[in-house]
Undergrad: 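Please see the structure below; I have some questions.
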Amino acid sequence: MGKFYITTPIYYPSAKLHIGHAYCTTLADVIARYHREKGDETYFLTGTDEHGEKIQKNAEAAGKTPQEFVDEIVTGIQKLWKTLRISNDDYIRTTEKRHMDVVQKVFTRMLNQGDIYLGEYEGWYCTPCESFWTDTQVQGDDHLCPDCGRPCHKAKEEAYFFKMSKYADKLMDFYKAHPNFITPESRKNEMIKNFLEPGLEDLCVSRTSFTWGIQVKENPRHVVYVWLDALLNYISALGYLSNNDELFKKIWSDDTYILHLVGNDITRFHVIYWPIFLMALGLRLPDKVFVHGLLMMKDGKMSKSKGNVVDPYPLIERYGLDTVRYYLVRETIFGSDGTFTPEQFVERYNIDLANDFGNLLNRTSGMIFKYFDGVIPAYQGALTALDKELESVGKASINSFKTNMDTLHVTEAVASIFDYIARANKYVEESKPWALAKDESKKDELASVMNHLANALRQCAIMLKIVLLDSTEKLFAQLGIEKEYQGYDSLDRFDVLGGEHLVKGDPLFPRLKSDEEIEFIKSLMVKH
RNA sequence: CGCAGGGUAGAGCAGUUGGCAGCUCAUCGGGCCCAUAACCCGAAGGUCGGAGGUUCAAGUCCUUCCCCUGCAACCA
């Protein structure tokens, strides 16, 4: 039992979210639920990063004020999280006063202690686009704007910079002292080779080219650079530098395990700039930044222009929340990129949820009704070699589940539950209850088989309930399992069931007709 | 010669320290009858991107080449 703080990235509401965003947040939710089940004092934060030039421009294009524009999108995002039953404890918006105050205070402090200084930013400027570009962004010898293709010219503007160079060595020392700070390790190498070894440049932390941001108090012409603004959400949400910083003191403390989940596109900001900002503020650093893969579409990254975006709502509506949550945690190895295909989505449902898991409950329940009038027989120990083996598979599965969850191998953790389910299905074949039922002298053996099956289902449901919210509850209800045996306290026990009255219920996951459903999902992906 | 990751059975992927090439699905054959056309067993299917090298032994180590995908610092 300890304290656990988990965050998702705060998403950028420049357009509607798709299933790729849902992926990261759902994983965070599963991890958060696991820690709560374990008894850890858990705090789970998500939110939105609402400033920046792109939002200002998109809002103008839509004929709205930036605030109206983000309000609308944020409402949609919050609705999506509600639909996915994301169990976040707070939702931080960078346009909230509680956040903006913190950013201004931090900026002032950094300025006063000499970490931020006023300098000049030089880059390639495209006048029509009103944008600065870097050497690598402009194209060709004529330095063409990557946006509009017109030539850019060198330009300078006044800007504030953060002295990253001052902290670079300290950051390397921190990496060395905390080898597990960045996961997977390849991301760390990428950062070190690309940014730290060549020498960390000072970061420009203010802008004058647009106004939709948090104003620099000391120099109102400037707004704070989006990342200095955004990253601070992880502590502003806890009440850092506010009148009531109790939560901050409790959560951002040395005895809390602090985990940031991020996509690989924002790794740099979380493993270089964020730790350095924290160092400058004299605060502890997170325990781990976990870089997850992106959920890709067959033809590359999900994007609106490619018309390969999948909206999660119709999927949830048609297949249920649990199916979508299960797909998201199961289909991609947590940490590497995955691919969304309609075929895999339907397959995952039919094979794992319908055939293996749902069907195991259905056949078990059918037999308990048939042979024991719907009452789970009492535990008599591991009566046969088959019972014994099932128990040992169960124990192994539980251990593997816990170990994998503790090390953030979510996909593997879930897979180990399904190993147990598969073994239980096999156990039915091998113990042949239908044959035992014909032999009065085998009544005890038959009872033991039923008890073991019911208990295996109970254990699997306890593990699965961090992913499958509705169907595990239905399973407990159908088996008549009491609340006290639905938690981790009794997870590894085999002797708790006996005397429960089953309730007849519908199959948890009715089998889908693959072809029809694949067609349906494809129709959702068509560009419109 | 920017940096990083990847190319293994029809599809999607595992393969730690070099030691008979594995998993899931699909395919084919069989079994069972408790169950959701489900479940269980068995079989077929790969010159591990190309070429060269080290070794008794290479998917694994070295060299070189080809192809894909990210990142490349002020777009998040």
Side-chain angles (χ1 to χ4, degrees), chain A residues 9-15 49 51-55 57 121-124 131-137 146-147 157 159 161 164 184 186-207 209 225-227 230 263-269 272-273 293-294 296 298 300-301 331-333 336-339 341 343-344 346-348 350-371 412 415 418 422 424-437 446 449-450 453 506-514:
Chain A
I10 50 172
Y11 302 104
Y12 199 64
S14 62
D49 166 23
H51 291 123
E53 189 175 15
K54 199 183 271 179
I55 285 180
K57 281 187 173 170
Y121 176 74
E122 189 176 349
W124 295 98
S131 303
F132 273 98
W133 306 104
T134 60
D135 280 343
T136 51
Q137 282 173 321
D147 240 23
E157 70 171 4
F161 285 85
M164 287 293 161
S186 57
R187 297 295 172 192
K188 176 161 80 182
N189 302 336
E190 200 172 315
M191 290 302 134
I192 293 174
K193 292 256 182 192
N194 274 329
F195 301 105
L196 291 173
E197 273 178 8
L200 201 54
E201 290 174 18
D202 287 353
L203 179 74
C204 177
V205 291
S206 78
R207 294 289 185 280
S209 54
Y225 172 52
V226 187
W227 273 109
N264 57 21
D265 49 345
I266 54 174
T267 308
R268 192 176 84 237
F269 307 100
I272 296 178
Y273 303 141
L294 298 177
M296 317 276 275
K298 197 126 209 159
K301 214 173 180 173
E331 191 52 48
T332 62
I333 307 289
S336 51
D337 290 345
T339 314
T341 67
E343 288 82 0
Q344 281 171 344
V346 173
E347 184 177 292
R348 224 68 252 198
N350 271 343
I351 304 293
D352 295 352
L353 298 177
N355 294 356
D356 290 349
F357 179 55
N359 186 43
L360 180 63
L361 171 65
N362 203 41
R363 66 199 301 210
T364 300
S365 145
M367 287 189 283
I368 293 175
F369 270 107
K370 191 162 180 177
Y371 304 136
E412 291 87 338
F418 277 82
N425 272 315
K426 193 171 170 175
Y427 168 78
V428 176
E429 301 302 318
E430 290 174 349
S431 28
K432 299 192 191 344
W434 48 91
L436 297 175
L446 180 62
V449 172
M450 293 307 123
L453 285 173
D506 294 329
L508 258 29
F509 299 97
R511 202 178 151 79
L512 300 175
K513 289 198 176 107
S514 303

Undergrad: Within the 4.0 Å heavy-atom criterion, would you say D352(A) contacts the bases, only the backbone, or no part of the nucleic acid?
TA: nothing

Undergrad: With a 4.0 Å cut-off on heavy atoms, is F509(A) in touch with a base, just the backbone sugar-phosphate, or nothing at all?
TA: base

Undergrad: Among C25(B), C40(B), U36(B), find the nucleotide with the atom closest to the side chain of N425(A).
TA: C40(B)

Undergrad: Take atom CD1 of I272(A) and atom P of C74(B), then tell me their distance rounded to the nearest Å.
TA: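 Computing the I272(A):CD1 to C74(B):P distance gives 12 Å.
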
Undergrad: In whole Å, measure the gap between the C1' atoms of U54(B) and G22(B) for me.
TA: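 U54(B) and G22(B) have their C1' atoms separated by 27 Å.
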
Undergrad: May I have the distance from R363(A) (atom CZ) to U36(B) (atom C1'), rounded to whole angstrom?
TA: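 For the pair R363(A) CZ and U36(B) C1', the rounded distance is 11 Å.
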
Undergrad: Which part of the nucleic acid does L200(A) contact within heavy-atom distance under 4.0 Å: base, sugar-phosphate only, or nothing?
TA: base

Undergrad: Pairing check on C75(B): which nucleotide meets the Watson-Crick or G-U wobble criteria with it, both distances under 3.5 Å?
TA: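 Paired with no nucleotide.
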
Undergrad: Could you work out the separation of U17(B) and G6(B) based on their P atoms and round it to a whole Å?
TA: 13 Å

Undergrad: Rounded to the nearest Å, what distance is computed from the CD atom of residue E347(A) to the P atom of nucleotide G12(B)?
TA: 12 Å

Undergrad: Mind checking who G5(B) pairs with, Watson-Crick or G-U wobble, both distances under 3.5 Å?
TA: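 Across all strands, the one nucleotide that pairs with G5(B) is C68(B).
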
Undergrad: When we call it a touch if two heavy atoms are under 4.0 Å apart, what does N350(A) touch: a base, just sugar-phosphate, or nothing?
TA: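 N350(A): no heavy atom of the nucleic acid under 4.0 Å.
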
Undergrad: Quick one, Y225(A) and S206(A) - any side-chain contact, counting heavy atoms below 4.5 Å?
TA: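 No, every pair of side-chain atoms sits at 4.5 Å or beyond.
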
Undergrad: Do the non-hydrogen side-chain atoms of L446(A) and M450(A) ever get within less than 4.5 Å of each other?
TA: yes

Undergrad: So, taking the atom named CZ in R363(A) and the one named CG in N425(A), what distance separates them when rounded to the nearest 0.5 Å?
TA: 5.0 Å

Undergrad: Please classify the nucleic acid contact of I266(A) as base, sugar-phosphate, or nothing, using heavy-atom distances under 4.0 Å.
TA: nothing

Undergrad: Rounding to an integer number of angstrom, what distance separates G19(B) and C32(B) when you compare their C1' atoms?
TA: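 It comes out at 40 Å once rounded to the nearest Å.
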
Undergrad: Which whole number of Å gives the distance between the P atom of U69(B) and that of C62(B)?
TA: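 It works out to 25 Å between them.
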
Undergrad: Please state the C1' separation for the pair C34(B) and C40(B) - nearest whole angstrom.
TA: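 Roughly 13 Å separates the two C1' atoms.
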
Undergrad: Nearest to the side chain of K426(A), which nucleotide is it out of U36(B), C25(B), C41(B)?
TA: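 Out of U36(B), C25(B), C41(B), the nucleotide with an atom closest to K426(A)'s side chain is C41(B).
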
Undergrad: Of D356(A) and K432(A), whose closest RNA chain B nucleotide lies nearer the 5' terminus?
TA: K432(A)

Undergrad: To the nearest angstrom, how far is L446(A) atom CG from C34(B) atom C1'?
TA: 10 Å

Undergrad: Between C25(B), A73(B), C39(B), spot the one nearest the side chain of E201(A), thanks.
TA: A73(B)

Undergrad: Among C25(B), C32(B), C41(B), which nucleotide sits nearest the side chain of E429(A)?
TA: C32(B)

Undergrad: side-chain contact (heavy atoms from CB on, under 4.5 Å) between M367(A) and L453(A): does it pass, once the steps are laid out?
TA: CA-CA 10 Å; M367(A) 287 189 283; L453(A) 285 173; 4.1 Å; yes

Undergrad: Between G49(B) and C13(B), how far is it from one P atom to the other, in whole Å?
TA: 14 Å

Undergrad: Roughly, in whole Å, what's the span from CZ in R348(A) to P in A11(B)?
TA: 18 Å

Undergrad: I need the F509(A) CZ to L361(A) CG distance, nearest 0.5 Å.
TA: 10.5 Å

Undergrad: Quick one: look up who G52(B) pairs with, Watson-Crick or G-U, both distances under 3.5 Å, and put none if it's unpaired.
TA: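 C62(B) is the nucleotide pairing with G52(B).
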
Undergrad: If you measure only the distance, is there a donor-acceptor pair under 3.5 Å linking the side chains of R511(A) and N359(A)?
TA: no

Undergrad: Name the nucleic acid region contacted by P433(A), choosing base, sugar-phosphate or nothing; use a 4.0 angstrom heavy-atom cut-off, strictly under.
TA: nothing

Undergrad: Please work out if G358(A) contacts a base, only the sugar-phosphate, or nothing of the nucleic acid, heavy-atom cut-off 4.0 Å.
TA: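 If one applies the 4.0 Å heavy-atom cut-off, G358(A) turns out to touch a base.
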
Undergrad: Taking the minimum atom-to-atom distance to the side chain of K370(A), which one of A76(B), C74(B), C34(B) wins?
TA: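 Nearest to the side-chain atoms of K370(A), counting from C-beta on, is C34(B).
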
Undergrad: Does U36(B) pair with anything, Watson-Crick or G-U wobble, both distances under 3.5 Å, and if so, with which nucleotide?
TA: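 WC or wobble partner does not exist here.
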
Undergrad: Round to a whole Å and report the spacing from CH2 of W227(A) to P of A73(B).
TA: 16 Å

Undergrad: Is R268(A) touching bases, backbone alone, or none of the nucleic acid, heavy atoms closer than 4.0 Å?
TA: sugar-phosphate

Undergrad: I need the CD-C1' distance between E412(A) and C23(B), as an integer number of Å.
TA: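 Value for this atom pair: 13 Å.
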
Undergrad: Identify which nucleotide among A76(B), C25(B), U36(B) has an atom closest to any side-chain atom of F269(A), counting heavy atoms from C-beta outward.
TA: A76(B)

Undergrad: Let's see if you can work this out: which of C25(B), A76(B), C40(B) has an atom nearest to the side-chain heavy atoms of D49(A)?
TA: A76(B)

Undergrad: Both F357(A) and F161(A) contact RNA chain B. Taking the nearest nucleotide for each, which residue is further toward the 5' end?
TA: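 With F357(A) and F161(A) compared, the 5'-side residue is F357(A).
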
Undergrad: Is N359(A) touching bases, backbone alone, or none of the nucleic acid, heavy atoms closer than 4.0 Å?
TA: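 Result for N359(A) = base.
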
Undergrad: Partner of A57(B) by Watson-Crick or G-U wobble geometry, both contacts under 3.5 Å, or none?
TA: none

Undergrad: Mind checking the P distance from C41(B) to A26(B)? Whole angstroms is fine.
TA: 14 Å

Undergrad: Under the side-chain contact (heavy atoms from CB on, under 4.5 Å) criterion, do W434(A) and V428(A) qualify, and how do the steps go?
TA: CA-CA 9 Å; W434(A) 48 91; V428(A) 176; 3.9 Å; yes

Undergrad: If the C1' atom of G15(B) is compared with that of A9(B), how far apart are they to the nearest Å?
TA: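 Here G15(B) and A9(B) have their C1' atoms 15 Å from each other.
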
Undergrad: With a 4.5 Å cut-off on side-chain heavy atoms, are W227(A) and I266(A) touching?
TA: yes

Undergrad: Let me know the distance between CG of N355(A) and P of A26(B), rounded to the nearest Å.
TA: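 Whole-Å distance recorded here is 9 Å.
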
Undergrad: Nearest to the Y225(A) side chain among C74(B), C34(B), C39(B), which nucleotide is it?
TA: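 From the listed options, C74(B) comes nearest.
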
